[in-house]
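What follows is a short report on a single structure.
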Protein chains: 2
Amino acid sequence: MILLASLTKGAAILFVGGVVPRLTDARKELRRTQIADAAVRCFSRNGLERTSIADISAESGLSTGSIYSHYRNKADLVRAAACEVLAKRADVLREYAALDAPPDPDELLARLTAAIDPAEARVGVQTWGEATTDPDIRDIVVDTTDRMRAMLHDCVTAWLIKVKHHEPAPARERAAPIAHRVMALYQAELLYAALRTPTEETAS
Amino acid sequence: MILLASLTKGAAILFVGGVVPRLTDARKELRRTQIADAAVRCFSRNGLERTSIADISAESGLSTGSIYSHYRNKADLVRAAACEVLAKRADVLREYAALDAPPDPDELLARLTAAIDPAEARVGVQTWGEATTDPDIRDIVVDTTDRMRAMLHDCVTAWLIKVKHHEPAPARERAAPIAHRVMALYQAELLYAALRTPTEETAS
DNA sequence: GTCTATACGATGATAGAC
DNA sequence: GTCTATCATCGTATAGAC
């Protein structure tokens, strides 16, 4: 780790004025996710707006100045956190979509529901609320939702073809409304998970 | 209207030190809803937290001092607004539940979806987000959701009995999962409506 | 890059006249 | 009950040392 860090610095010096200093970028990205992760934990406890930069500073162990050297402003950080949470949920789905023995829709929904992390569900729902007024967040949410629905579509289509022995063309067509419903039911489960779970008290 | 107002004041004077001055209470409640309505419009545009008391003051035409004489603080006002919006959505449902020709679940969902007001949907979704961290709001959301699900349960039960000619006892049992699904799909539609609709730009 | 200290603005809430 | 004017607090963002 320490060796890697020193190598990184060396590489950065070597590449000054040259092409992309990859390793330095990778480390910078690592810091960014470290901050974003801390932000997500704060958001999960106190919500998007009730979390101050000072809170994230305390949670991440970094100073406010350091945070602002990685993110332009708070909105930028909120966007990054929203991306992270939503993308993580999409990844869970991608896993099932690539399965060679596709589960039926009910089973698919059950697995997705079982994989919900309450803390991330809270931030996800907070993101929905923010999306109603912030165009940037809105785009992130809509895009992620569309991508997830598309993956569900692929998953259901594969199930129709491989298990129910439909022809590919009609299978894709019939899969669309089913994917829409599974997505809707999943979102509802996400909401329930976010509300059901006891939100641990903040130390304010 | 003016006559009613003067009558109200007279009644209040007559009942000073006596029993409940009903009409005065009614007028006070009217002011409260007037403020709450203005708050809902502001929330719909700018969100729960980005709306200042000054915004609500401008929207309602009342001063900040006047607002604080009707609501203890902003959190109290947010609670009132949340109650109002959620209750209004429940009322739409109650209407269909009382119908003597109960619609089938798909039709029920379609009607509920068609009755969605985008502005209120936005505040509703914002309420969900707030509910993830604010226990008071959480209770309001959960209670309202439970009541709505119960009404859906009644509605579906009535449909099973009157249209599908089930016996009452098994009908109630079979209606439960159906009501759960309709509720979930409705909430998803509410989310879509809140995100789909272009949020008009604020005048900040 | 990271820290401490701070400036500046915004906002929730109150005081006191009418 | 309603207004205007004001206070005090909090939080974002920056400056400058190391």
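Atoms considered below: every heavy atom in the structure, side chains included; atoms not considered: hydrogens, waters and symmetry mates. Proteins get letters first, then strands, A, B, ... in listed order; numbering begins at 1 in each.
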* Report the residue (R50(A) or R31(B)) whose heavy-atom-nearest nucleotide on DNA chain D is the more 5′ of the two. => R31(B)

* To do: Run the salt-bridge test on R50(A) and E130(B) with the 4.0 Å N-O cut-off and return the result as yes or no.
  => yes

* Look at all strands and tell whether S63(A) reaches a base, only sugar-phosphate, or nothing, counting heavy atoms closer than 4.0 Å. => base

* Within this structure, what is the CG-to-P distance between L48(A) and dT12(D), rounded to whole angstrom? -> 12 Å

* To do: By nearest nucleotide on DNA chain C, pick out whichever of H70(A) and T64(A) is the more 5' one.
  => H70(A)

* Asked: Taking atom P of dG11(D) as reference, at what distance in whole Å does atom CG of N73(A) sit?
  -> 17 Å

* Carboxylate-amine/guanidinium proximity below 4.0 Å for R111(A) and E95(A) -> no

* **Contact under 4.0 Å: S66(B) side-chain N or O vs dC3(D) OP1/OP2** => yes

* Interatomic distance, K74(B) NZ vs dC10(D) C1' [rounded to whole Å] -> 13 Å

* Using a strict cut-off of less than 4.0 Å between a Lys/Arg side-chain nitrogen and an Asp/Glu carboxylate oxygen, indicate whether D91(B) and R94(B) qualify as a salt bridge. => yes

* Asked: OH of Y71(B) versus P of dT11(C): gap in Å, rounded?
  -> 21 Å

* Asked: For Y68(B) and dG16(C), what is the distance between atoms OH and P respectively, to the nearest whole Å?
  -> 18 Å

* Asked: For E49(B) and dG11(D), what is the distance between atoms CD and P respectively, to the nearest whole Å?
  -> 12 Å

* To do: Answer yes when D154(B) and R172(B) have at least one side-chain N-carboxylate O distance shorter than 4.0 Å, and no when they do not.
  => yes

* **Sugar-phosphate, base or nothing in reach of S57(A), heavy atoms under 4.0 Å** => nothing

* Figure out the CD1/P separation between I56(A) and dG11(D), and round it to whole Å. => 12 Å

* Asked: Just how far, in rounded Å, is P of dC3(D) from CG of L62(B)?
  -> 5 Å

